[in-house]
Amino acid sequence: MIETFAALLLAHMLADFIAQTRGMAEGKRHPGIMALHGALVFALSAAALGGGWQVALAVAGAHLVIDAVKTWALPAPIRATLTAFILDQTAHLATLGAATLLWPDTAATGLWAPWVAQLTVPAIVAAGAIATILAGGHAVGLLMARYSAEEVPQGLPDAGRLIGQLERAMILLLVLIGEPAGIGFLIAAKSVLRFDTAAKEQKAGEYVIIGTLASFAWALAAAHATMALIAAAP
C-alpha cells in the first residue's frame, strides 16, 4: 500500500511544485491552463505508478475538482492566503490516501513492480524534499505577504528565497541522518549573521524572526512526516 501512496505523492509534488510554473499557477482561471495542469497530474501519476491509468485518471479528476473550487469559488483575497494553501494541499493528500485505500496494489503490479521495493524510499525522500524546500517556500511567502507593504532593508535579489530553501534543505538532511541537534547550530548561525540588521531596525528584526521561525517549523514538520513515511515503507 505504501508503494502506491509514495508514487502518487511524488507525482503530486512534481505536478504542483515542479511542472507547474508561476504563470500556470496564476493563470488557472483560464480553462485551458487548468486542463493542462490536470493533464500533467494524470501523466505524472500514471508514470509514477508504472501504468494504472484508471487510478491516475481518478486522481487527476479529483485534483481538478479541488483546484476548480479554490480557483473559481474562493474570492481572490482568500485564495491567496496560507490557510487556503494548507486546506488545498490537505484535500489533495486526502484524495491520494483515498486512492491508495481503493487501489492499494497499483504500484506493486505496474511497470516498476520488479524494483518497487527499492524505489519506494527514494520516492518518499524526493517528495519530502519538494514539500520541505519548495512547498515550504510558497507557504512562508504566503504568511509573509501581509508584511509586503512594510519597509524592510532590501538585500540581494532573491537572496531571501534562496537562504530559506537552503536552510530547509539542511533541516531535512539533519533529520534524515538522525542529527536533529544540528538544527540548533543552524539557528544560532543565522541569528549571528542577522544580528546586525535586527538590532538596528525593529521591523526588520521582527520580519526576520517571523520568517525564520515559520521556515524552520515547516521544515521540521515536513521532515518528520517524511521520516514517518520512510518508517512505514517495507
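These numbers come from the heavy atoms of this one structure, side chains and all, not from hydrogens, waters or symmetry mates. Keep in mind it's a predicted model, so treat the numbers as computed, not measured.
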Side-chain contact test, heavy atoms from C-beta onward, threshold under 4.5 Å: evaluate it for H12 versus L44 and give yes or no.
-> no

In sequence, state the C-alpha distance, the side-chain angles, and the governing distance for D16 and H63, and then conclude on side-chain contact (heavy atoms from CB on, under 4.5 Å).
-> CA-CA 10 Å; D16 259 14; H63 192 108; 3.3 Å; yes

Residues A7 and A48: closest non-hydrogen pair is O-CB, 3.3 Å

Are any of the side-chain heavy atoms of M13 and I18 separated by less than 4.5 Å?
-> no

Taking the side chain as every heavy atom from C-beta outward, state whether L9 and I124 have any pair of such atoms under 4.5 Å apart.
-> no

Considering residues, nucleotides and ligands other than W112, do more than 12 of their heavy atoms fall under 6.0 Å from its CH2?
-> no

Apply side-chain contact (heavy atoms from CB on, under 4.5 Å) to the pair H37 and I33, showing each step before the final yes or no.
-> CA-CA 6 Å; H37 181 59; I33 295 179; 5.7 Å; no

So, do M170 and I183 sit near enough that their side-chain heavy atoms are less than 4.5 Å apart?
-> no

Counting N and O atoms only, with roles assigned by atom type, does the side chain of T212 sit under 3.5 Å from a partner on the main chain of I209, one being a donor and the other an acceptor?
-> no

Under a single-linkage definition using a 4.5 Å side-chain heavy-atom cutoff for Ile, Leu, Val, Met, Phe, Trp and Tyr, are L57 and L40 assigned to the same hydrophobic cluster?
-> no

Heavy-atom closest contact (V116 atom, A107 atom, distance) = CG2-O, 4.1 Å

Which atom pair, heavy atoms only, marks the closest approach of A169 to I133?
-> CB-CD1, 3.6 Å

Backbone N or O of A129 within a donor-acceptor pair of the T132 side chain at under 3.5 Å?
-> no

Hphob cluster co-occupancy, F216 + V175, side-chain heavy atoms under 4.5 angstrom = yes

Any chain of hydrophobic side-chain contacts (each under 4.5 Å) joining L134 to L82?
-> yes

Within a strict 4.5 Å, meaning less than it, do heavy atoms of the L176 and M227 side chains meet?
-> yes

Heavy-atom donor-acceptor pair, T4 side chain to P104 backbone, under 3.5 Å = yes

Under 4.5 Å between any side-chain heavy atoms of M34 and R29, yes or no?
-> no

Aromatic centroids of H138 and F85 separated by under 6.0 Å = yes

Is any side-chain heavy atom of V140 less than 4.5 Å from a side-chain heavy atom of S215?
-> yes

Within one Ile-Leu-Val-Met-Phe-Trp-Tyr cluster: L142 and M24, side-chain cutoff 4.5 Å | no

What pairs of residues pass the side chain to side chain donor-acceptor pair (under 3.5 Å) test when at least one of them lies in residues 68-79, not counting sequence neighbours?
-> none

Contact summary for L143 and A214, nearest pair of heavy atoms | CD2-CB, 3.4 Å

Heavy-atom check, side chain of T95 versus side chain of V65, under 4.5 Å = no

Intermediate values then yes/no, side-chain contact (heavy atoms from CB on, under 4.5 Å), E179 and L173 | CA-CA 8 Å; E179 295 292 344; L173 177 61; over 6 Å; no

For F42, does its backbone N or O pair with a side-chain atom of S45 as donor and acceptor, under 3.5 Å?
-> no

In terms of hydrophobic clusters joined by side-chain contacts under 4.5 Å, are M1 and V55 together?
-> no

So T100 and L8, side-chain contact (heavy atoms from CB on, under 4.5 Å) or not? Walk me through it.
-> CA-CA 8 Å; T100 301; L8 291 175; 4.1 Å; yes

Between W218 and A139, which heavy-atom pair has the shortest distance, and what is it?
-> CZ3-CB, 3.5 Å

